[in-house]
2 protein chains.
Amino acid sequence: MKNSKHITTFEEHLTRQYGQIGSEKRTEFESKAKSFVIGELLKEERLEANLTQEELADKIGAKKSYISRVENGKTDIQISTLFRLFEFGLGKRINIIIE
Amino acid sequence: MKNSKHITTFEEHLTRQYGQIGSEKRTEFESKAKSFVIGELLKEERLEANLTQEELADKIGAKKSYISRVENGKTDIQISTLFRLFEFGLGKRINIIIE
DNA sequence: GAAATTGTTCCACAATTAGTTAACTTTGTA
DNA sequence: TACAAAGTTAACTAATTGTGGAACAATTTC
């Protein structure tokens with residue numbers, strides 16, 4: 001799995017983001033943590049591709065303000081948006097693996 | 001990658017679903033094709049777990065009608081819903097890999 | 001075949017994302 | 001410092017997901 005970034009389970013996201021937290025606190029952080037990590041990856045990949053938010057936005061027919069919101073985890077995104085951003089916008093390949 | 005199901009790129013979804021199709025026709029099928037494949041996986045995993053749609057729905061606090069719609073690709077879903085269904089509902093592990 | 005279980009579809013409504021504009025902030029640079 | 005470029009945020013609208021119930025269809029079981 002060299003040269004690929006990945007998002008794994010809740011547990012790892014949450015630990016990475018918030019440290020060890022109790023299960024009561026878990027749920028309220030979950031969706032935010034996830035979308036935030038996806039935003040982080042998007043930002044990394046975008047910068048590696050040497051694109052500004054506005055350039056990426058243009059590629060997929062969006063506005064830079066929307067890209068910013070996604071990168072900062074301000075919104076949950078739909079599966080189709082995930083593919084649109086990474087595959088269509090950045091030419092990356094997305095695998096969703098269930099095991 | 002034994003014992004794991006996975007969703008790969010557009011190309012594969014679309015070919016699997018619709019056969020070879022021109023790039024003009026592509027976009028209109030893309031999101032539908034994707035959510036459909038995710039629905040297929042959900043159904044497979046649910047059956048392997050020996051759950052009815054209603055039982056799965058109960059686990060994640062939804063209704064069976066919604067599970068049905070997802071499994072049949074009638075709706076795009078959000079990232080958080082993906083995790084909720086597979087991890088919370090079925091105890092599976094989801095990896096989203098970008099390469 | 002009848003009954004029960006499971007799955008699908010439809011309609012309505014609530015909640016949230018997606019899309020847009022504009023103002024503001026931060027960063028980089030001459 | 002001043003200017004330009006890049007990024008962030010707020011507010012609003014439109015479109016879509018998510019939720020719920022009920023009726024219907026399909027499948028399984030007796």
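Proteins come first, then strands; the chains are lettered A, B, ... in the order of their sequence lines, and each starts at number 1.
- Distances shown here put a side-chain N or O of A/T81 below 4.0 Å from the OP1 or OP2 atom of C/dA18.
- OP1 or OP2 of C/dG19 has at least one side-chain nitrogen or oxygen of A/R84 nearer than 4.0 Å.
- Backbone-only engagement by A/Q78 is indicated by non-hydrogen atom pairs under 4.0 Å involving sugar-phosphate atoms exclusively.
- At a threshold of 4.5 Å between non-hydrogen side-chain atoms, the residues B/L90 and B/L85 do not count as touching.
- In this structure, B/T52 reaches the sugar-phosphate backbone alone: every heavy-atom distance under 4.0 Å involves primed, P, OP1 or OP2 atoms, never a base.
- Put simply, the side chain of A/R46 gets close to the backbone of A/L51: a donor and an acceptor are under 3.5 Å apart.
- As a whole-Å value, the separation of B/I60 CD1 from D/dG20 C1' is 14 Å.
- Among C/dT8, D/dT19, D/dT8, the nucleotide with an atom closest to any side-chain atom of B/A62 is D/dT19.
- Only one option out of A/E71, A/K63, A/K43 pairs with A/Q53 in a side chain to side chain donor-acceptor pair (under 3.5 Å); it is A/E71.
- Considering B/V70, B/V37, B/L82 as possible partners of B/L42, the one that fulfils the side chain to side chain contact (heavy atoms under 4.5 Å, CB included) test is B/V70.
- With the nearest nucleotide of DNA chain C identified for both B/L47 and A/G61, B/L47 has the one nearer the 5' end.
- Between A/I67 atom CD1 and C/dG19 atom C1' the separation is 11 Å, expressed in whole Å.
- The phosphate of D/dT8 has OP1 or OP2 within less than 4.0 Å of a side-chain N or O from A/N72.
- Taking 4.0 angstrom as the limit, A/S65 places none of its side-chain polar atoms (N or O) nearer than this to OP1 or OP2 of C/dT20.
- Between A/Q53 atom CD and C/dG28 atom P the separation is 14 Å, expressed in whole Å.
- At D/dT16, none of the side-chain N or O atoms of B/R69 fall inside 4.0 Å of OP1 or OP2 (strictly under the cut-off).
- Listed pair A/R46 / D/dG7 meets the phosphate criterion, a side-chain N or O lying under 4.0 Å from OP1 or OP2.
- Residue B/K63 places none of its side-chain N or O atoms closer than 4.0 Å to OP1 or OP2 of D/dG18.
- Looking at B/R69, its side chain never comes within 3.5 Å of a backbone N or O of B/T75 through a donor-acceptor pair.
- At whole-Å resolution of the value, CG in B/D58 and P in C/dG7 are 12 Å apart.
- Computed from coordinates, the A/K74 NZ to C/dT17 P distance equals 13 Å when rounded to whole Å.
- With rounding to whole Å, B/E54 atom CD is found 14 Å from D/dA22 atom P.
- Atom CD1 of A/I77 is separated from atom P of C/dG19 by 11 Å (rounded to the nearest Å).
- A straight line from NZ of B/K64 to P of D/dG21 spans 12 Å, rounded to a whole angstrom.
- Of the side-chain N and O atoms in A/Y66, one or more sit less than 4.0 angstrom from OP1 or OP2 of C/dA18.
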